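Written out below as C-alpha cells is the structure these notes cover.
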Amino acid sequence: MDRNKKLKSAGGIRQCQWRPVSVSNIQESTAEDSVNELEDGDHVQETIKVAQVVTNNCDSTISAGVLNDTVKPMLSAEKHSLMLEVGASLIRFIKGKEGSTQKKIEEEMGVKIVFPSSKKEESIVIEGISTDCVTRASKKIQAIMDEAIESSLDYSHFISLPLAIYPELTDKLVNFQNSILGTNDVSADENLESDSIEDTLDIKNKGQELIKGRDVAVELKVEDEKHVKVDLTSIPFVSYPPKPPRLPNASDFGIDKSIFIKPTTFHLTVLMLKLWNKERVNAASGVLKSISSKVIDALDNRPISIRLKGLDTMRGSLSKARVLYAPVEEIGSEGRLLSACQVIINAFVEAGLVLEKDAKQKLKLHATVMNARHRKGKRRRKNDSFDARGIFKQFGSEDWGEYLIREAHLSQRFVFDENGYYHCCASIPFPGKEERQQTD
C-alpha cells in the first residue's frame, strides 16, 4: 500500500482493507490520514497501521478512528473480532442512551460490542461469526463517530496564553464580579423581619392581660374557661409607610456567578481542539514543542506585552450578550503576537489536528470575562444570553492593565492544576525580560 496515500474521513477515522490471502499471512503497512476536525480550525494528520487479514471468502473494509496500531484483527475457528481504539470520549456515542445504539448495531449486524472495563482504556472489540458482519458493524461505528466529532463532541483542549499568573489582574476580576453580583444581589427586603413576636401568657390565671404589639393594645376579658371577650374599641388605627420598591437583582438580567470566568483560569485563547484519545493528545503536545523556535523567531526573540482595556461582546447585542470579553492590544502594535499565534495555528492545521471549519476562521485574540454558555442550573437554554448594558455602562472603559505574555500552553478543559489553572499538557516559553537584556 502506498505510504503517502491520503485517506480522508471527517472524524479522522482510518480505513483498512482486508485482502484474501493466506490466513497465516498477516502483513502490516502504514498509511497517512488527514482531516480531523477540531474547534477553531485545523487538520490533523495521523499515521495508523493497516492490517491485511485473510479468510477464504472475504474481502471487506474496516474502519477505526485511531492513530498508531489501532486496528487489531483477531481470528479464531469460531469467531472473528476486531479491536478499535476509539477514544474514551467517543464511547458514550457508540453506546447511546441506555445502550440503545449499541443494541441496535448488535441486533442488525449480528455482532457483540465489548467495551473496556476501565475508563483509562480507549478501545472496543467487535466480535462476530464472519468478517462481513464485523466489517459492517465497524462501518456503522465509524459513521457514528464521524457525526459525533463533527457536531456533538465538545472541545477537549485549547492553546492558551495564561494571564491568571498575575495576582493584580485576578484581583481586578474578583472585584468586577463582586461589584456586579454582590451589590445587585442584595434584596431591599433582606434585613426586614417581622416585629410581631409576642409573649404568650396564661390568660386562664389572669383576669386581664395586654397583648402588646407595635402601638396596639388589646384588652381581653375572661368570662369563663372557654370564652374570651375582646374589646376592639381600644385598638387605635395605625398606618404604615409603603415598602420601598425592590431593587433589581443580577438574576433579573440573566446574570449569575456561573457565567463569569474564574479568575484563576483567565487567559487568551489561540486555538480550540478536539483531542478524543491519547494519541491525539500526544501528537498535539509534540507539535507545540516542535515549533518553539519558530514562535520565538516570529516574536523577533523579544518580549511581547499586551494591554487589556474596556469590554466588548462577541455574539449578540449588549442587551442579549452571550460572550463578554476584554479586547487585546499589543504593546507596540508591531503584530508580532499575531504572527506567533499564526505559526502555532498553521502547525496544528498541517498536522491535521484542527477541524476544517475552524481552520477557516480568522484569529481574534480576546480575554473572555463572561460566557452564557457556562451557565449552570435550570435557566440554561439554547442561545442563552444576558443583559450586559449595565455592566458595559460601568466597566465599558475599564483599564485592566498591561501584561507580559510568558508562554503558550496546550491546556485541557475541565481539568485543573493545583494553582487553579487548566491542566497543562505541554508548553513553550516566550522571550522574557532576561532575554531582552541579553540581546540589547
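Excluded from the calculations below are hydrogen atoms, water molecules and symmetry mates; all remaining heavy atoms, backbone and side chain alike, are included. Here the structure is a predicted model, which means the values were calculated and not measured. If you read the sequence from its start, that first residue is 1, and numbering goes on from there.
Side-chain contact between Phe158 and Arg413 is present, with heavy atoms from C-beta onward closer than 4.5 Å. Side-chain contact between His409 and Pro162: present, with at least one pair of heavy atoms (C-beta onward) separated by less than 4.5 Å. Two residues are said to be in side-chain contact when any heavy atoms from C-beta on lie closer than 4.5 Å; Ile391 and Phe176 meet this criterion. Within the 4.5 Å cutoff, no side-chain heavy atoms of Ile304 are placed close to those of Leu404. Within the 4.5 Å cutoff, no side-chain heavy atoms of Phe414 are placed close to those of Ser156. Ile259 has its side chain within reach of Phe386: a pair of non-hydrogen atoms, C-beta onward, lies under 4.5 Å apart. Inter-residue side-chain proximity for Arg336 and Glu330 is flagged as met; some heavy-atom pair is nearer than 4.5 Å. The shortest distance between side-chain heavy atoms of Val369 and Phe260 does not fall below 4.5 Å.
Note on Lys320 versus Asp387: no salt bridge recorded, every NZ/NE/NH1/NH2 to OD/OE distance being 4.0 Å or above. With respect to the salt-bridge test (charged N to carboxylate O, under 4.0 angstrom), the residues Asp399 and Arg307 do not qualify. Ion pairing of Glu122 with Arg280 is absent here, as no side-chain N (NZ or NE/NH1/NH2) approaches a carboxylate O to less than 4.0 Å. At a threshold of 4.0 Å, the pair Glu127-Lys79 counts as salt-bridged, since one of the basic side-chain nitrogens sits closer than that to a carboxylate oxygen.
Of all heavy-atom pairs between Gly128 and Val134, the closest is N-CG2, 3.7 Å. Here the closest heavy-atom approach between residue Pro303 and residue Gly432 is recorded as CG-O, 3.1 Å. In this structure, Leu410 and Ala284 approach most closely via the heavy-atom pair CD2-CB, 3.8 Å. Asp417 and Tyr422 get closest at one heavy-atom pair: OD2-O, 3.5 Å. Nearest approach of Pro431 to Ile296, heavy atoms of both residues: CG-CG2, 4.1 Å. Taking all atoms of both residues into account, the shortest heavy-atom contact from Ile91 to Glu121 is CD1-O, 4.4 Å.
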Worked verdict on Ser258 versus Asp256 for side chain to side chain donor-acceptor pair (under 3.5 Å): CA-CA 6 Å; Ser258 66; Asp256 60 58; 2.4 Å; yes
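Crowding of Glu168 atom CD: a count of heavy atoms from other residues, nucleotides or ligands under 6.0 Å exceeding 12.
In this structure, Ser151 contributes its side chain and Ala148 its backbone to no donor-acceptor pair below 3.5 Å. No side-chain donor-acceptor contact under 3.5 Å links Ser100 to the backbone of Gly96. In this structure, Asn301 contributes its side chain and Asp297 its backbone to no donor-acceptor pair below 3.5 Å. Distance alone, capped at 3.5 Å, places no donor-acceptor pair between the Lys309 side chain and the Ser397 backbone.
In this structure, a donor-acceptor pair under 3.5 Å is present between the side chains of His267 and Thr269. Under the 3.5 Å distance criterion, with hydrogens and angles disregarded, no donor-acceptor pair is assigned to the side chains of Asn346 and Glu350.
Ring geometry for Tyr166 versus Tyr403: interplanar angle of 30 to 60°, hence tilted.
Note that Lys364 lies outside the cation-pi zone of Tyr325, set by a 6.0 Å cut-off to the ring centre and a 45° limit from the axis.
If you run side-chain contact (heavy atoms from CB on, under 4.5 Å) between Cys341 and each of Leu363, Ile159, Val295, only Leu363 comes through.
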